[in-house]
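So you know, we letter chains A, B, ... as the sequences are listed, proteins then strands, and number each from 1.
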Amino acid sequence: MEFLRPATWDEALAAKAEYPTALPISGGTDVMVEMNFDVHRPSAILDLNRIPELRQWEIDGDVVKLGASVPYSRIIDELSEQLPGLAKAAHTVGSPQIRNRGSVGGNLGGASPAGDAHPALLAAGRDVFVEAVSVRGTRLIPIDEFYVGVKRNSLAADELIRTVHIPVADGPQQFSKIGTRNAMVIAVCAFGFALHPKNHTVGTGIGSAAPTPRRAVEAEEYLQGALEERGLWESGGLLGAEVTQRFGELVKAAASPIDDVRGTADYRRHTLAVMARRTLTWCWNDYSKQIRSAA
Amino acid sequence: MSTRTIQGQKNLQNINQASKDGIGGSPLRPDGTLKVKGEFAYSSDMWHEDMLWGMALRSPHPRANILSVDISEALKLPGVYAVLTHQDIPGSKFYGLEIQDQPALAIDKVRYHGEAIALVAADHPETARRAVKKIKVEYEVLTPIVTEEQCLDPETHGYVHEPHEFKSHGYGNICHEQKLVSGLGVTDEVRALADVVISGDYEVGMQDQAFLGPESGLAVPAEDGGIDLYIATQWLHVDRQQMAPVLGLPEEKVRLTLAGVGGAFGGREDISMQIHACLLAQHTGKPVKIVYARDESFYGHVHRHPAKMHYEHGVTRDGKLVFADCRIVLDGGAYASASPAVVGNAASLGHGPYVIPNVKMHAIALYSNNPSCGAMRGFGAVQAAFGYESQMDKLAEALGMDPVEFRQLNAMAEGDHMPTGQQIDSPAPVAELLQRVKDMPLPPPLDLDNLDIRAVPGALSNTSHGEGIVRGVGYSVGIKNVGFSEGFDDYSTARVRLEVIGGEPVAMVHTAMAEVGQGGVTVHAQIARTELGVEQVTIHPANTEVGSAGSTSASRQTYMTGGAVKLAAEAVKQALITKGRRRYGWTQNDIDLVAGKVVSESAGVLVSMVDLLGDEAIDLTREHHHRPTVPFDKETGQGFGHVQYTFCANRAVVDVDVELGLVKVVELTAVQDVGKALNPLSVVGQIQGGCTQALGLAVMEEIIVKDGKVRNASFTDYLIPTILDTPPIPVEILELPDPNAPYGLRGVGEAPTVSATPSIVAAIRQATGIALTRIPVRPEHLTGTL
Ligand SMILES: Cc1cc2nc3c(=O)[nH]c(=O)nc-3n(C[C@H](O)[C@H](O)[C@H](O)COP(=O)(O)OP(=O)(O)OC[C@H]3O[C@@H](n4cnc5c(N)ncnc54)[C@H](O)[C@@H]3O)c2cc1C
């Protein structure tokens with residue numbers, strides 16, 4: 001097995017072009033486990049840990065450009081304000097050790113339906129992009145188009161993720177995850193939710209309840225309609241049980257879960273509806289408080 | 001956790017005056033700091049020059065005939081030194097703890113998913129792994145025999161062990177069976193004496209010991225044709241007894257030394273890689289190390305027997321138990337392992353610590369094509385306790401009685417008889433334990449205004465900010481035997497040596513006791529200090545140069561090997577005093593060893609131990625046997641079968657998110673009688689650990705097996721409690737001495753594992769109003785989404 005250790009981003013791209021089957025390694029919290037369990041015996045490993053820019057983030061206008069290797073612990077410490085949904089998701093990942101190493105780039109690279117970053121990224125707005133780079137150039141892949149199958153993403157063999165572009169939150173965001181223990185657990189299912197008052201939209205993301213992470217598009221549309229129709233964006237008034245209930249049902253309907261060792265499909269659907277209602281309520285309560293205190 | 005209250009500390013008043021680190025003190029464990037700092041050498045850390053790596057090929061099928069095994073491609077791989085099948089075994093091909101029914105390598109068929117078929121030794125683990133993949137096995141895959149119905153109908157579904165090869169005491173696909181009848185048994189006339197009859201069916205899933213240190217060891221061939229094995233195990237001598245015949249060696253040529261053990265809980269009572277490493281070392285003439293990967297560990301050791309239980313209880317209107325009838329079906333899997341003992345415990349302890357005039361019981365262990373099950377902390381008693389304690393709550397509810405008072409009304413006490421006819425001849429403070437656990441202060445309710453999200457079900461997963469949360473409280477009590485039962489003489493041996501080193505009297509304690517984390521070595525040193533009046537004690541590495549210490553299981557090591565250390569130390573002390581009498585002509589009868597001196601209560605200090613010993617070492621070995629027991633009668637279950645009984649009572653407080661079915665145990669209180677706390681801190685640790693393992697069984701721990709295949713052989717999906725799942729565990733210790741035991745002590749480690757699970761389930765029932773007849777309780781049970 002070859003072990004490639006590029007010192008710069010350009011060297012990394014060149015290496016990936018030369019060895020398209022090389023497996024990138026960032027925090028290694030997925031890669032090393034899978035090697036240990038003999039899932040992979042890659043011909044080469046491409047170590048990204050020497051490339052400083054992958055561990056940086058910057059704010060460009062109202063977009064966070066998050067380096068692929070920035071570990072979860074730093075997202076929690078440094079970006080909770082700008083990316084509250086992703087930071088909440090980061091908080092649920094593994095243990096302190098895993099959060100110190102694991103990254104959003106790695107989560108995207110693995111593209112597991114159970115990855116916790118995905119629902120938060122899907123909910124964070126329509127303008128979330130994965131910056132995929134190769135010697136051929138740069139593509140900005142919209143997050144909805146990034147996940148293409150179970151543990152499959154739309155990166156080409158010679159591409160690496162450099163950053164993820166995520167709009168700075170303009171409203172409350174939440175993330176909830178179901179696990180059968182109170183820490184260090186892979187999601188049985190998860191739900192990300194965000195309010196985007198600027199353009200009167202809402203965002204959703206479902207994890208672990210379909211072959212890929214996905215949005216609950218009908219639920220989003222229903223809620224946007226309800227908020228608009230009732231003038232709630234302006235008033236910050238009460239949502240009403242009917243709206244939260246219907247929203248929960250539509251989120252549930254958007255999932256296509258399976259029975260597996262972690263939980264039944266029915267349980268996943270049931271809890272998605274509950275999480276959808278709760279996260280919507282939390283976000284909305286925060287939003288109305290803001291409206292009321294601004295008024 | 002800073003919130004823990006360790007009320008057991010009050011027993012520190014019993015500290016021995018002579019040495020604060022004698023019995024009753026709480027000196028720290030010698031291995032503790034090393035383990036916390038990651039510096040402890042575990043068996044998987046061993047290395048030997050020139051060593052090879054061993055690896056097994058395991059069956060992907062739970063039941064299949066092996067049509068052919070082709071090792072030629074594997075042998076051709078550079079770096080491969082040996083590929084072995086059962087045909088290469090020099091001696092007997094079978095082994096087993098009680099029944100020699102397990103082939104060291106599969107012969108013509110496999111009976112469970114993960115059974116070892118062939119072995120490889122190579123100069124690198126990666127080479128070994130590749131070689132294993134190159135072994136070609138042709139299988140005729142058969143439908144596995146996995147359900148109770150299939151097992152009990154071998155005519156239709158087949159035999160796990162064909163009648164002509166059947167080796168256990170049972171028949172068909174029944175590995176072992178125990179019946180029991182006491183009083184009038186349970187007949188229609190007896191049923192008529194009860195005002196209320198309650199029955200229930202209960203199920204226990206397959207728990208795993210989930211020790212963190214995978215099976216590992218190093219076998220080194222010796223010049224005398226023998227073999228030295230460095231191994232993490234629970235009982236060196238029983239390993240040797242099983243290994244030697246397979247290796248075709250006399251026992252004295254198979255020498256075992258204990259290597260660093262990373263947890264055991266019963267899972268190392270059976271042979272895992274011991275024989276395999278030795279076969280490879282014998283064959284290649286080179287040292288061979290085997291370390292299981294995590295998934296292999298899940299296949300490579302036995303688990304806790306899953307159980308299906310039917311209970312029926314009758315009681316009078318005023319709450320007195322009249323009768324109890326029970327059938328317990330334990331799934332033992334492919335090989336016998338400890339199944340007979342598990343059945344014996346389930347049958348004899350399966351009615352709980354209650355006085356019941358009329359009793360019937362039928363317990364069986366099945367042979368099936370599921371993973372083999374054997375020893376795990378509290379075996380037999382753990383499964384049954386979930387059944388009888390669930391029944392106690394149902395009975396109390398039916399009578400409109402308080403569940404604790406109902407239990408107290410029927411609690412057994414010293415002088416009462418077990419359903420086996422055995423009289424309880426030492427303290428059995430069941431009612432008192434319950435009273436004490438009930439009287440402990442309750443934790444405060446959830447503070448919804450200042451919510452710490454880590455305190456609610458789901459914790460940082462952020463599923464609730466107070467929504468859906470309901471609190472419940474549950475109680476339970478349990479009974480466990482200590483030591484091996486049913487006529488087994490599981491004696492322990494200890495060697496104690498006293499000599500002067502560096503101008504100080506120093507004792508050395510040498511036993512074959514497996515230190516698996518229970519703190520046995522700490523206690524041995526404490527005993528030597530107290531008996532010999534010395535401060536310095538060294539512990540000799542555990543090995544087979546000294547006699548057997550029995551197993552580190554059944555809550556027995558402090559009782560049995562601790563007892564042997566006491567006997568040997570007493571003998572050394574007598575020898576030293578005799579030497580003094582000879583030399584100095586002492587006539588006093590009140591001579592003792594205190595703080596390095598020989599002292600007489602009447603005459604004061606006689607001489608220092610250093611002067612009396614001079615250059616001589618006193619080195620004596622003693623065996624400790626517990627009082628004899630007898631096997632239970634096959635049909636009636638009667639007999640003085642157990643050495644000692646131990647009891648623990650628990651109260652669980654849980655918060656349940658009733659909408660999401662998520663559970664957070666808020667507090668788990670334990671009160672236990674330990675006879676005498678030799679090391680109070682260790683005792684509290686054992687009780688807290690036992691409670692935590694019970695918590696795991698209550699709400700998360702299960703090996704999921706489908707059609708004989710293990711579905712979650714990893715810690716990704718076999719969940720054990722984290723620190724956020726483990727609540728404060730206040731412990732109160734009672735010390736009511738057992739006159740039959742050394743220092744009056746009672747084994748500690750298992751009772752809380754038996755009793756704590758049902759209290760948690762009872763608390764969840766109270767919070768949700770759901771019957772809950774299966775453990776572990778899954779969120780699906782609580783949300784109707786199974
Ligand atoms: C104990 C434990 C607990 C865990 N708990 C969770 C959890 O709760 N939630 C969760 O979501 N995950 C969890 N994980 C999985 C893992 O930590 C996450 O998926 C993490 O985000 C992976 O990041 P990493 O940097 O370690 O990735 P790596 O392991 O380095 O890589 C993962 C994948 O991404 C690819 N990759 C990495 N960087 C790039 C890049 N720049 N461009 C292209 N491809 C790239 C790799 O080739 C590989 O396929 C857990 C893992 C462990 C071991």
For the residue pair Arg294(B) and Phe37(A), what are the closest heavy atoms and their distance? CB-CZ, 4.3 Å
Near Arg454(B) CZ, under 6.0 Å, is it more than 12 heavy atoms from other residues, nucleotides or ligands? no
Toward chain B, the part of Val93(A) with a non-hydrogen atom under 4.5 Å: neither
When you compare the side chain of Arg262(A) with that of Asp717(B), does any pair of heavy atoms fall below 4.5 Å? yes
Go through Pro776(B), Pro779(B), Ala459(B) and name the one with the most non-hydrogen pairs under 4.5 angstrom from chain A. Pro779(B)
Under a 4.5 Å heavy-atom cutoff, which of Trp282(A), Phe191(A), Phe175(A) has the most pairs with chain B? Trp282(A)
Are His270(A) and Glu780(B) close enough that some pair of their side-chain heavy atoms sits under 4.5 Å apart? no
Atom of Met184(A), atom of Thr722(B) and distance for their closest heavy-atom approach: CB-CG2, 4.1 Å
Could you pull out the closest heavy-atom pair between Ser461(B) and Thr92(A), with the gap in Å? CA-CG2, 3.7 Å
Salt-bridge present (Glu467(B), Arg277(A); N to O < 4.0 Å): no
From the list Pro457(B), Ser464(B), Ala293(B), the residue making the most non-hydrogen contacts under 4.5 Å with chain A is Ser464(B)
Most contacts with chain A, counted as non-hydrogen pairs under 4.5 angstrom, among Thr783(B), Asp725(B), Thr716(B), Leu662(B): Asp725(B)
Neighbour count above 12 (heavy atom, 6.0 Å) for Met1(A) CE: yes
To the nearest 0.5 Å, how far apart are CZ in Arg278(A) and OG1 in Thr463(B)? 6.5 Å
Has Leu238(A) got more than 12 heavy atoms of other residues, nucleotides or ligands less than 6.0 Å from its CG? no
Which atoms of Ala455(B) are under 4.5 Å from chain A, going by heavy atoms: the side chain, the backbone, both sets, or neither? neither
Lys289(B): what forms a side-chain contact (heavy atoms from CB on, under 4.5 Å) with it, not counting sequence neighbours? Met51(B), Trp53(B), Leu218(B), Val291(B)
Residue Asp38(A) versus chain B: region with a heavy atom under 4.5 Å: both
Per-residue contact mode, Asp295(B) against chain A (heavy atom under 4.5 angstrom): both
Quick one: which of Thr279(A), Ile186(A), Val274(A), Thr271(A) has the most heavy-atom pairs under 4.5 Å with chain B, could you say? Val274(A)
Which answer fits Ile704(B), side chain, backbone, both or neither, if we ask what part of it has an atom under 4.5 Å from a heavy atom of chain A? side chain
So which of Met700(B), Arg711(B), Glu659(B) has the largest heavy-atom pair count under 4.5 angstrom toward chain A? Glu659(B)
Any side-chain heavy atom of Asn182(A) within less than 4.5 Å of one from Lys664(B)? yes
Does any non-hydrogen side-chain atom of Arg181(A) lie less than 4.5 Å from one of Ile720(B)? yes
Relative to chain B, which segment of Arg269(A) carries a heavy atom at a distance below 4.5 Å: side chain, backbone, both, or neither? neither
Indicate yes or no: at least one non-hydrogen side-chain atom of Leu786(B) is less than 4.5 angstrom from one of Tyr267(A). no
Please lay out, stage by stage, how Asn462(B) and Gln174(A) fare under the test side-chain contact (heavy atoms from CB on, under 4.5 Å). CA-CA 9 Å; Asn462(B) 193 35; Gln174(A) 284 288 348; 2.9 Å; yes
From Asp657(B) CG over to Ile178(A) CD1, what is the distance, rounded to the nearest 0.5 angstrom? 7.5 Å
Quick one: which residues of residues 123-134 of chain B reach chain A at under 4.5 angstrom, heavy atoms only? Glu126(B), Arg129(B), Lys133(B)
Kindly check if the number of other-residue, nucleotide or ligand heavy atoms within 6.0 Å of CD (Glu242(A)) is above 12? no
